[in-house]
Amino acid sequence: MTLNFRLHALTLHTIEGAVSYDFESDLTVLEGPTGVGKTTLLELVKYAFAAGEARLATVATEAVNDVAIDILVGGDEYLITRSLDAAKSKNVRIVDKRTGERLPDRPVDGEASLNTFFLEKLGLPDDIKAPAQKGKSTKAGSRVTFGDIFKFVYIPQYAINRDIADSREGYYDPKRKAVFELLFKLTDPGILSMQSRVNVLNGEIDSADAHLNTILEFLNDSNTSSREEVEQKLEEAVAEQEAAKEELNSLREELDPVIDRQTQTYRDLLTDAERSLAEARATAQDLARERDEIGLEQRRVKGDHARLERMRDAGARLANIEFSVCPRCMQSLSNRPVEEDRCRLCLQPDPISPEQAADSYELQQLELQLDEMDAQREATEQQLEKAQRAIVDRESLIERLTGILEVRTSERVTPRLQAFSDASDRLATARTRQENFEVALQQWDRVGDIARQVRELRSEQDRLKASIATRKATLAVHRDSVFARIEEEFRETVANLGIATVESAGFDRENYLPIINGKVFTKTLMSGGGSMTATQIAYWVSLITVAREMDTRYPSMLIIDGPRLALNTAIETCAAIYRRLLKGVQEDPGAVQFLVSDNELPDDWDGDFERIKFDYPNPTVATIRHPGEGQVDLIASVDE
């Protein structure tokens, strides 16, 4: 039997008030012309379930504040309310209808979400992944959500004439199959989890194999064919290194007596000569700097001396001037009596004569400074010449001592130095070879580790595959009976619908899709008379019928949007579809629920079902005035 899953009522809280619809009948038909909001109503149901991205009409986004659905899941009844406000829509309010208790709000996404809530009601964990079960996939698979299950509940108008649960999307195929198997209990979460692990192990094994091949290529380049060969060559490199060390120690002992006492004396003299050369050069630099500073000071003093000389000369020239007219009032001074030794102009005593000014104190001091500086400069020049001669002498001495040492040591030391150099090269080469072989040995250890890891991964994978095969074997009988019953029901339904272009019908047990005229649904091109739509309805009705008869998780609700759009010319097929839907609810009242939206029912059609009619004056969102026929964008054409 199917899982008891029903929609009792839908309420839209709009800006102008609330609009409610009850769906207590097993078969409810929403009837009305195109554009009155039937698809809007169904998409709002999908939105309330948070079962994927709903296609909301403008009237919904602009005029509807909240949408509330009264649903029955298993033996529990809940009122679920979701806001259409962008910020508020991220959380959903839930009320337990039986107790009246408001349960904790559920987020649309994330942990403990509404998705988790519905999956728990279906008896499924919320971490199921849908792995690919063919080929050599390395992916664990995408997570199965309630939105994937809702594809088996709601057949939207924009897909009813072209696709079955996104079966034409290759990337979605593993998830569609996993959902089918879960709903009909052809598999369980444990099998899917193990298959996901098998796929992940494929990737880990491939990665380990690639790493192993890379290391083996490196080892092949190092000319080592096995771990034993590396160990042997490593021992040889260590032995060669020890031999080179012993030879170096022997050469050091032989070199020590070569340096005799006289040679050591020459070395000491050379050291003293180099030190005294450095001191002489430092002294010469200091004296040269001192000489330059004295010259600079001499130039400054000479400048001051010249300035005073100019002042003295100017005073002497001014002293010889006899004013005949006062430079202020321009009166004549020639007839006025002036005493001796007084100024003709101001009649003040004349303090200094030109001769006395010539021997001023400042000039004398400057001249003494210049004489002293000349003496210092001369002494500095002499010391500098002495230091430069010392530099030349020390350089000559160093050259002679160096030559003597080279002659004394060349015949004794050079051959031994060459042997020392050769031994050092052999030691360095041996160390390098040792390091290389140690790296190679580590890589051989890594080869062993990776090979062991690969064996363990393959062993785990084989155990999982065996466990999967065992668990699937226990389901084989149930699987065959489900497939046989679905195929039988589908053939009978297709025959009863009288689909014009269908000559033969069957069920693909690999892809879980209809087979029409010998071809799988995804490879079949059906046109004319709404053949694709009729085939889809036959498929979905067959699934829910078989699920009702067997132990499954299949939800007991099927929502179909707009079958008459593509069946407009196939009147007999359309009537047959409604007869099949009515038969489905009459065979076992209360077991399943069909909710259908359509433009109109077949002529003179009547039966035991609920019929809700809409028109432009009375649209589905009744509190909002409809703009009129042809004045709204149809949801079905949004992506077309």
Side-chain angles (χ1 to χ4, degrees), residues 1-8 23-29 42 45-46 49 51 71-74 118 121-124 146 148-156 159-160 163-167 176-177 179-186 478-479 481-497 505 507-508 512-514 521 533-563 576-598 607-610:
M1 59 180 294
T2 58
L3 176 73
N4 201 349
F5 196 100
R6 295 181 70 90
L7 175 64
H8 286 312
F23 307 111
E24 296 298 338
S25 174
D26 288 348
L27 173 59
T28 302
V29 179
L42 299 184
V45 171
K46 179 179 179 181
F49 275 110
I71 63 171
L72 179 68
V73 183
F118 283 124
K121 294 301 177 181
L122 290 170
L124 297 172
F146 180 71
D148 300 312
I149 294 174
F150 202 73
K151 294 179 186 290
F152 286 70
V153 174
Y154 175 39
I155 299 90
I160 196 170
D163 201 1
I164 292 178
D166 291 337
S167 60
R176 179 185 60 81
K177 293 179 181 178
V179 171
F180 184 96
E181 293 175 353
L182 286 168
L183 294 181
F184 280 97
K185 294 187 177 181
L186 306 180
H478 174 65
R479 186 184 186 90
S481 63
V482 169
F483 290 159
R485 183 68 187 92
I486 290 176
E487 186 167 37
E488 177 187 3
E489 184 67 28
F490 179 64
R491 284 176 175 170
E492 181 182 347
T493 303
V494 168
N496 291 336
L497 295 184
F507 180 74
D508 189 333
Y512 313 146
L513 293 171
F521 175 84
T533 298
T535 300
Q536 274 226 53
I537 294 175
Y539 173 77
W540 292 115
V541 170
S542 298
L543 292 188
I544 199 169
T545 299
V546 174
R548 183 190 65 198
E549 300 171 356
M550 297 185 171
D551 179 22
T552 67
R553 299 187 184 90
Y554 206 100
S556 60
M557 182 171 68
L558 182 62
I559 303 174
I560 305 173
D561 186 14
I577 287 175
Y578 278 96
R579 283 196 298 271
R580 180 64 184 85
L581 294 176
L582 191 58
K583 175 185 175 183
V585 298
Q586 289 175 341
E587 288 177 344
D588 190 0
V592 296
Q593 179 186 25
F594 293 139
L595 178 59
V596 183
S597 77
D598 217 338
D608 186 14
F609 63 92
E610 184 178 357

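For reference, positions follow the sequence shown, starting with 1.
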Visitor: Do Val585 and Val592 come within less than 4.5 Å of each other through their side chains, counting heavy atoms only?
Guide: yes
Visitor: Mind checking what makes salt bridge (charged side-chain N to carboxylate O under 4.0 Å, His left out) contact with Glu587, not counting sequence neighbours?
Guide: Arg548, Lys583
Visitor: Any side-chain heavy-atom pair from Val541 and Glu489 closer than 4.5 angstrom?
Guide: no
Visitor: Partners of Glu181 by salt bridge (charged side-chain N to carboxylate O under 4.0 Å, His left out), sequence neighbours excluded?
Guide: Arg479
Visitor: Taking only residues two or more places apart in sequence or in another chain, which ones pass side-chain hydrogen bond (donor to acceptor under 3.5 Å, both in side chains) with Glu487?
Guide: Arg491
Visitor: Just to verify, what does Asp508 make a side-chain hydrogen bond (donor to acceptor under 3.5 Å, both in side chains) with, not counting sequence neighbours?
Guide: Asn511
Visitor: Does Leu183 reach the side chain of Pro555, with side-chain heavy atoms less than 4.5 Å apart?
Guide: yes
Visitor: For Val596 and Tyr578, work out which heavy atoms get closest and say how close.
Guide: CG1-OH, 3.7 Å
Visitor: Check side-chain hydrogen bond (donor to acceptor under 3.5 Å, both in side chains) between Glu24 and all other residues, then give those that pass, not counting sequence neighbours.
Guide: His8
Visitor: Please report the C-alpha distance between Phe180 and Phe152 in whole Å, then the side-chain angles of each, then the deciding distance to 0.1 Å, and finally whether the side-chain contact (heavy atoms from CB on, under 4.5 Å) criterion is met.
Guide: CA-CA 8 Å; Phe180 184 96; Phe152 286 70; 3.9 Å; yes
Visitor: Contact between Pro563 and Asp598 at the side-chain level, heavy atoms closer than 4.5 Å - yes or no?
Guide: yes
Visitor: Can you sort out the partners of Phe483 under ring pair (Phe, Tyr, Trp, His ring centres under 6.0 Å), two or more places apart, ordered by chain and number?
Guide: Phe507, Tyr512
Visitor: Under the side-chain hydrogen bond (donor to acceptor under 3.5 Å, both in side chains) test, which residues partner Arg176, sequence neighbours left out?
Guide: Asp173
Visitor: Going by ring pair (Phe, Tyr, Trp, His ring centres under 6.0 Å), name the residues that satisfy it together with Phe490, two or more places apart in sequence or in a different chain.
Guide: none
Visitor: Is the shortest heavy-atom distance from the side chain of Val45 to the side chain of Tyr154 under 4.5 Å?
Guide: no
Visitor: Could you please spell out the steps behind the side-chain contact (heavy atoms from CB on, under 4.5 Å) verdict for Phe594 and Ile560?
Guide: CA-CA 8 Å; Phe594 293 139; Ile560 305 173; 5.7 Å; no
Visitor: Is Arg553 reaching over with its side chain to a backbone N or O of Leu182, donor-acceptor style, under 3.5 angstrom?
Guide: yes
Visitor: Could you pull out all residues at least two apart from Tyr539 that satisfy ring pair (Phe, Tyr, Trp, His ring centres under 6.0 Å)?
Guide: none
Visitor: Does Leu595 offer a backbone N or O that forms a donor-acceptor pair with the side chain of Thr28 under 3.5 Å?
Guide: no
Visitor: Is it true that a side-chain atom of Gln536 and a backbone atom of Ile155 form a donor plus acceptor pair closer than 3.5 Å?
Guide: no
Visitor: Could you tell me the separation between the CZ atom of Phe609 and the CG atom of Leu581, rounded to the nearest 0.5 Å?
Guide: 9.5 Å
Visitor: Less than 4.5 Å apart, any side-chain heavy atom of Pro514 and any of Ile164?
Guide: yes
Visitor: Kindly compute the distance separating CZ (Arg580) from OG (Ser542), expressed to the nearest 0.5 Å.
Guide: 6.5 Å
Visitor: Give me the atom names and distance for the closest heavy-atom approach of Ile544 to Ser556.
Guide: CD1-C, 3.9 Å
Visitor: First locate atom OG1 of Thr493, then atom CD1 of Ile537, and finally report the distance between them rounded to the nearest 0.5 Å.
Guide: 11.5 Å
Visitor: Name the residue from Arg6, Gln593, Gln586 that meets the side chain to side chain donor-acceptor pair (under 3.5 Å) definition with Asp26.
Guide: Arg6
Visitor: Going by the rule salt bridge (charged side-chain N to carboxylate O under 4.0 Å, His left out), which residues pair with Lys151 if we only count those two or more places apart in sequence or in a different chain?
Guide: Asp166
Visitor: Roughly how far apart are Glu549 CD and Arg485 CZ, rounded to 0.5 Å?
Guide: 4.0 Å
Visitor: Could you work out, with ring pair (Phe, Tyr, Trp, His ring centres under 6.0 Å) as the rule, every residue matching Phe118, not counting sequence neighbours?
Guide: Phe49, Phe146
Visitor: Just so I know, are the side chains of Thr535 and Val494 near enough to count as touching, which here means a heavy-atom distance under 4.5 Å?
Guide: no
Visitor: side-chain contact (heavy atoms from CB on, under 4.5 Å) between Leu72 and Met557: does it pass, once the steps are laid out?
Guide: CA-CA 11 Å; Leu72 179 68; Met557 182 171 68; over 6 Å; no
Visitor: Taking salt bridge (charged side-chain N to carboxylate O under 4.0 Å, His left out) as the test, write out the residues that go with Asp561, two or more places apart.
Guide: none
Visitor: How about Thr552 and Val482: do any of their side-chain heavy atoms sit closer than 4.5 Å?
Guide: no
Visitor: Does Leu543 form a side-chain contact (heavy atoms from CB on, under 4.5 Å) with Trp540? I'd like the steps, not just the answer.
Guide: CA-CA 5 Å; Leu543 292 188; Trp540 292 115; 3.9 Å; yes
